[in-house]
Amino acid sequence: MFLLTAFTGQAQEQAYVPPVLPNFAASIKTGKIQLDWINGFTQVKEISIQRSLDSVLNFNTISYASYPTQTRNAYVDNRPLPGSNYYRLFIVFTNGRFMYSKTVLALSDSTIRADQKLQYADIKDASKGLRGKEQENREPERVLWHPSNYIYTTADGNINIKLPEAPQKKYAVKFYESNGAFLFDIDQVKAPFLILEKAIFLHAGWFNFEIFEEGKLKVKWNLFIPLNYKM
């Protein structure tokens with residue numbers, strides 16, 4: 001009985017507790033960003049979630065908290081934007097007053113190995129397990145596949161673009177389905193490091209990409225997005 005009580009107490013102490021407003025947490029998970037907070041205010045009428053790419057301007061309201069008066073709350077952004085996502089909460093009280101929370105940059109979940117590049121050994125079984133529509137995005141027939149040093153999938157489910165000379169040179173990137181159908185492009189990569197969320201690609205499977213440097217094709221390769229990610 002004593003051992004059971006001690007273990008339960010330890011587990012409760014280690015349980016994650018979100019920050020208290022006006023602070024909150026924004027964690028990048030597999031293809032989404034989750035916001036968590038504790039609401040210590042009373043008489044809250046509405047909490048809107050606002051998002052921006054630059055942390056200063058162009059904040060847009062993307063949704064509202066379903067239960068603004070609830071003490072512990074969370075919101076999941078299933079369609080984050082490419083690049084850095086900044087969030088803030090706009091809190092409206094029943095007496096008409098309002099306030100903004102602090103601005104928070106979404107960071108990778110600390111429980112996920114975001115720096116680990118997925119290798120062929122990590123995805124070979126996953127690529128064989130695709131079904132239905134995703135089966136069209138089967139593994140290209142080649143003897144040896146390896147991830148690109150410029151665009152690759154990481155263990156947190158994100159697609160990283162790493163172009164160290166992007167501030168000095170013009171780079172453009174185009175993405176395609178494995179059958180060659182065009183998906184989307186980035187007209188100019190301005191930062192040396194950029195993260196694309198899984199949700200942008202809409203499904204798992206193989207995808208082709210092309211990198212252009214100063215208008216000339218530099219790299220033509222592919223990447224794989226599995227249904228599940230290594231944690």
Side-chain angles (χ1 to χ4, degrees), residues 3-116 154-160 191 193-204 225 227-231:
L3 290 177
L4 178 60
T5 303
F7 177 80
T8 303
Q10 183 180 15
Q12 290 176 345
E13 289 178 358
Q14 294 177 349
Y16 171 70
V17 178
V20 179
L21 291 177
N23 293 310
F24 66 96
S27 302
I28 300 174
K29 298 182 181 294
T30 53
K32 59 188 177 183
I33 296 176
Q34 180 170 319
L35 278 57
D36 296 278
W37 67 86
I38 296 290
N39 181 11
F41 297 112
T42 59
Q43 306 299 316
V44 175
K45 179 182 179 180
E46 180 180 276
I47 298 179
S48 60
I49 292 89
Q50 300 184 345
R51 182 181 63 194
S52 170
L53 289 175
D54 57 19
S55 79
V56 179
L57 302 173
N58 302 317
F59 270 98
N60 294 310
T61 298
I62 59 174
S63 189
Y64 296 85
S66 300
Y67 306 98
T69 59
Q70 188 168 288
T71 302
R72 181 162 181 168
N73 225 317
Y75 169 77
V76 177
D77 183 1
N78 289 308
R79 294 182 177 274
L81 300 172
S84 299
N85 284 264
Y86 293 86
Y87 296 87
R88 72 182 182 188
L89 304 179
F90 181 62
I91 307 163
V92 180
F93 298 95
T94 54
N95 61 6
R97 294 185 177 183
F98 63 88
M99 67 173 292
Y100 288 99
S101 72
K102 293 188 176 180
T103 300
V104 176
L105 170 64
L107 300 175
S108 296
D109 190 329
S110 60
T111 64
I112 300 176
R113 289 287 308 279
D115 60 337
Q116 182 179 352
T154 53
D156 63 350
N158 295 322
I159 292 81
N160 288 5
F193 184 72
L194 180 66
I195 299 176
L196 300 182
E197 293 291 330
K198 165 199 171 186
I200 298 174
F201 291 82
L202 302 179
H203 64 83
I225 300 178
L227 288 171
N228 298 302
Y229 301 90
K230 296 178 65 178
M231 305 294 282

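Positions are given from 1 along the sequence.
- When all heavy atoms are compared, the tightest approach of T61 to S48 is CG2-CB, 3.9 Å.
- Residues S84 and L105 form a side-chain contact, since some pair of their non-hydrogen atoms from C-beta on lies under 4.5 Å apart.
- Side-chain contact check for L107 versus I28: every heavy-atom pair is 4.5 Å or farther apart.
- Note: F41 and F93 have perpendicular aromatic rings, judged against thresholds of 30 and 60 degrees for the angle between ring planes.
- Taking both residues in full, the closest heavy atoms of D36 and A74 are given as OD1-CB, 3.4 Å, listed atom of the first, atom of the second, then distance.
- Across all their heavy atoms, I49 and A65 have their closest contact at CD1-N, 3.6 Å.
- With rounding to the nearest 0.5 angstrom, the CG atom of N78 is 10.0 Å from the CD atom of Q34.
- Residues L89 and L35 are in side-chain contact: their nearest non-hydrogen atoms beyond the backbone lie under 4.5 Å apart.
- Counting only distance, with no hydrogens or angles, the side chain of N23 and the backbone of P19 share no donor-acceptor pair below 3.5 Å.
- Considering only heavy atoms from C-beta on, R51 stays 4.5 Å or farther from Y86 through its side chain.
- Counting heavy atoms from C-beta on, the side chains of I62 and Q50 never come closer than 4.5 Å.
- Of all heavy-atom pairs between N85 and L81, the closest is ND2-O, 2.8 Å.
- Rounded to the nearest 0.5 angstrom, L196 CG and N160 CG are separated by 8.5 Å.
- Within the 4.5 Å cutoff, the side chain of R72 has heavy atoms near those of the P18 side chain.
- Residues V44 and N39 meet the side-chain proximity criterion, which asks for heavy atoms closer than 4.5 Å.
- Residues K32 and D77 are not paired through a salt bridge, judged by the lack of any N-O separation under 4.0 Å between the basic side chain and the carboxylate.
- P68 and I47 get closest at one heavy-atom pair: O-CD1, 3.7 Å.
- Here I91 contributes atom CD1 and K45 contributes atom NZ; the two are 15.0 Å apart, rounded to the nearest 0.5 Å.
- The distance from atom CD of Q43 to atom OG1 of T69, rounded to the nearest 0.5 Å, is 9.5 Å.
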Go through it in stages, so that I can follow the logic: the residues are L53 and N58, the test is side-chain contact (heavy atoms from CB on, under 4.5 Å), and I'd like the CA-CA distance, side-chain angles, deciding distance and then a yes or no. CA-CA 8 Å; L53 289 175; N58 302 317; over 6 Å; no

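- At least one side-chain heavy atom of T71 sits less than 4.5 Å from a side-chain heavy atom of I38.
- F98 approaches F90 most closely through the heavy-atom pair CD1-CE1, 3.2 Å.
- Relative orientation of the F24 and W37 rings is perpendicular, given thresholds of 30° and 60° on the angle between their planes.
- Take R88 and apply the salt bridge (Lys or Arg N to Asp or Glu O under 4.0 Å) test, not counting sequence neighbours, and it matches no residue.
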